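Quick note on labels: first sequence line is chain A, next is B, and so on, each numbered from 1. Here the structure is a predicted model, which means the values were calculated and not measured.
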There are 2 protein chains.
Amino acid sequence: MLSKKSQYAFKALTYLADRYEKGPVLIAEIAKKKKIPLKFLENILLELKKAEILDSKKGKGGGYFLRKDPAKVKMATVIRLVNGPIAMLPCVSLYFYERCKNCDEKHCGLHDMMIEVRDATLHILENRTLRDLQ
Amino acid sequence: MLSKKSQYAFKALTYLADRYEKGPVLIAEIAKKKKIPLKFLENILLELKKAEILDSKKGKGGGYFLRKDPAKVKMATVIRLVNGPIAMLPCVSLYFYERCKNCDEKHCGLHDMMIEVRDATLHILENRTLRDLQ
DNA sequence: TACTTACCCTACCAAAAAAGTAGACTTATA
DNA sequence: TATAAGTCTACTTTTTTGGTAGGGTAAGTA
């Protein structure tokens, strides 16, 4: 399941996508409109900035804004960033891979099945963007 | 991600599927062979019994065994039981549905996308069984 | 240069979930 | 009736999640 943090992130990103290229938006505005705890949202937006999805301006007239076209920001990227692995097992994760102990990946039915699930999921999430949330 | 509990459950079920219709298997044997903490495994197997996937015999010569053909036990069923919802959001879950607050499901891009993901995942997990793990 | 606005950073806290443990109890079989 | 083996209740520990507090720092503006 997507964490609450992820759901907040998507709400905020949708809000910013609607205002793309219309200048910075205050954290406080997003928090109020989307009913997200202010300080929690600060952390999330900062993280998205560090990942180069958002950018910000300080001082009066400042705020957050999308760094690139909403149609260029993949869902898979955002989920990996705020929610973690997309795969159901570490041993089939592309970005968070960890080897299985006590199980040989070459002949493991579960492994193969989870690769199928991963690929089906990624086929969707790698081809959808913030644009599709609007 | 699948919890450790789920991974243990699948290891145990695979072990029992290999021994289908060959009599009861000791919890201790499964725990040892699959390197699962004994008491933790006890809880898992009991849960699977209550869900009518496994059955057991007490006393000497007892143990656990699959209640029906491995090919009849769907992956989706087991995952829902030991791991919880398969969908990425409560508002798109078939078996663990909860309504979204602050968001109208009728015009929510995320909602629609998560339904797609859910269906792609279920298409696989509803059509694979314990047989496929062997 | 001083003031104000608004993001930045570090640290902490509490609740919930996941993972694992303990021990007494019941039932079946030899 | 002794023993083997699952059943049940309850607890503990660790990790993750969700959230809070408060001061620091950069950028505009008068």
Decide yes or no for [X] and [Y]: does some side-chain heavy atom of the first lie under 4.5 Å from some side-chain heavy atom of the second?
X	Y	answer
B/Val78	B/Val73	yes
A/Leu48	A/Val82	yes
B/Leu66	B/Leu54	yes

* With a non-hydrogen cut-off below 4.0 angstrom, is B/Lys4 in contact with a base, only sugar-phosphate, or nothing? -> sugar-phosphate
Atom [atom1] of [X] to atom [atom2] of [N]: distance rounded to whole Å?
X	N	atom1	atom2	answer
A/Met1	C/dA17	CE	C1'	13 Å
B/Leu38	C/dT21	CG	C1'	11 Å
B/Leu46	C/dT26	CG	C1'	13 Å
B/Lys57	C/dT26	NZ	C1'	16 Å
B/Leu45	C/dG20	CG	P	15 Å
B/Lys39	C/dA24	NZ	P	11 Å
B/Phe40	C/dG23	CZ	P	19 Å

* To do: On DNA chain D, reading 5' to 3', which nucleotide is the first and which the last to sit with an atom under 4.0 Å from a heavy atom of chain B, could you check?
  => D/dA4 to D/dC8
* Between A/Lys5 and A/Glu47, is there a side-chain N and carboxylate O pair less than 4.0 Å apart? -> yes
* **Ion pair check, B/Lys32 and B/Glu29, cut-off under 4.0 Å** => no
Find the distance between [atom1] ([X]) and [atom2] ([Y]) and round it off to the nearest 0.5 Å.
X	Y	atom1	atom2	result
B/Gln134	B/Thr129	CD	OG1	8.0 Å
B/Ile53	B/Lys72	CD1	NZ	14.5 Å
A/Leu38	A/Asn43	CG	CG	10.0 Å

Without placing hydrogens or testing angles, list every side-chain donor-acceptor pair under 3.5 Å for residues 113-125 of chain B, not counting sequence neighbours.
residue: B/Glu116; atom: OE1; partner: A/Arg128; partner atom: NH2; Å: 2.6
residue: B/Glu116; atom: OE2; partner: A/Arg128; partner atom: NE; Å: 3.3
residue: B/Glu116; atom: OE2; partner: A/Arg128; partner atom: NH2; Å: 3.0
residue: B/Arg118; atom: NH1; partner: B/Val92; partner atom: O; Å: 2.8
residue: B/Thr121; atom: OG1; partner: B/Val117; partner atom: O; Å: 2.8

* Pairs where residues 76-93 of chain B contributes a residue and the test side chain to side chain donor-acceptor pair (under 3.5 Å) is met, not counting sequence neighbours -> B/Ser3-B/Asn83, B/Ser6-B/Asn83, B/Arg80-B/Glu126
* Asked: Is there any side chain to side chain donor-acceptor pair (under 3.5 Å) pair reaching into residues 50-64 of chain B, and which pairs are they, with sequence neighbours excluded?
  -> B/Lys49-B/Ser56
* the helix from C/dT1-D/dA30 to C/dA30-D/dT1: angle between its terminal axes, five pairs each, to 10°? -> 10°
* Interface with DNA chain C, restricted to residues 75-99 of chain A and to heavy atoms under 4.0 Å -> none
* Qualifying ring-ring contact (aromatic ring centres under 6.0 Å, His included) pairs with a residue from residues 79-103 of chain B, counting only residues at least two apart or across chains -> none
* Of all pairs that satisfy ring-ring contact (aromatic ring centres under 6.0 Å, His included), the ones with a partner from residues 14-60 of chain B, not counting sequence neighbours -> B/Tyr8-B/Phe40
* To do: Give every residue pair that meets the salt bridge (charged side-chain N to carboxylate O under 4.0 Å, His left out) criterion with at least one member in residues 87-97 of chain A, sequence neighbours excluded.
  => none
* Listed in order of residue number, which residues of residues 58-66 of chain A have a non-hydrogen atom at under 4.0 Å from DNA chain D? -> A/Lys58, A/Gly59
* Structure fact -> Contact check, residues 21-37 of chain B vs DNA chain D, heavy-atom distance under 4.0 Å, returns B/Val25, B/Leu26, B/Ile27
* Asked: Given B/Lys68 and B/Glu21, is the salt bridge (charged side-chain N to carboxylate O under 4.0 Å, His left out) satisfied, shown in steps?
  -> CA-CA 9 Å; B/Lys68 50 185 178 177; B/Glu21 290 189 321; over 6 Å; no
* To do: Would you tell me if any nitrogen or oxygen in the side chain of A/Ser56 comes within less than 4.0 Å of OP1 or OP2 on C/dC8?
  => yes
* Asked: Start at the 5' end of DNA chain D and walk down; is the nucleotide closest to A/Lys5 or to B/Lys50 reached first?
  -> B/Lys50
* Taking only residues two or more places apart in sequence, or in another chain, which ones meet B/Asp112 in a side-chain contact (heavy atoms from CB on, under 4.5 Å)? -> none
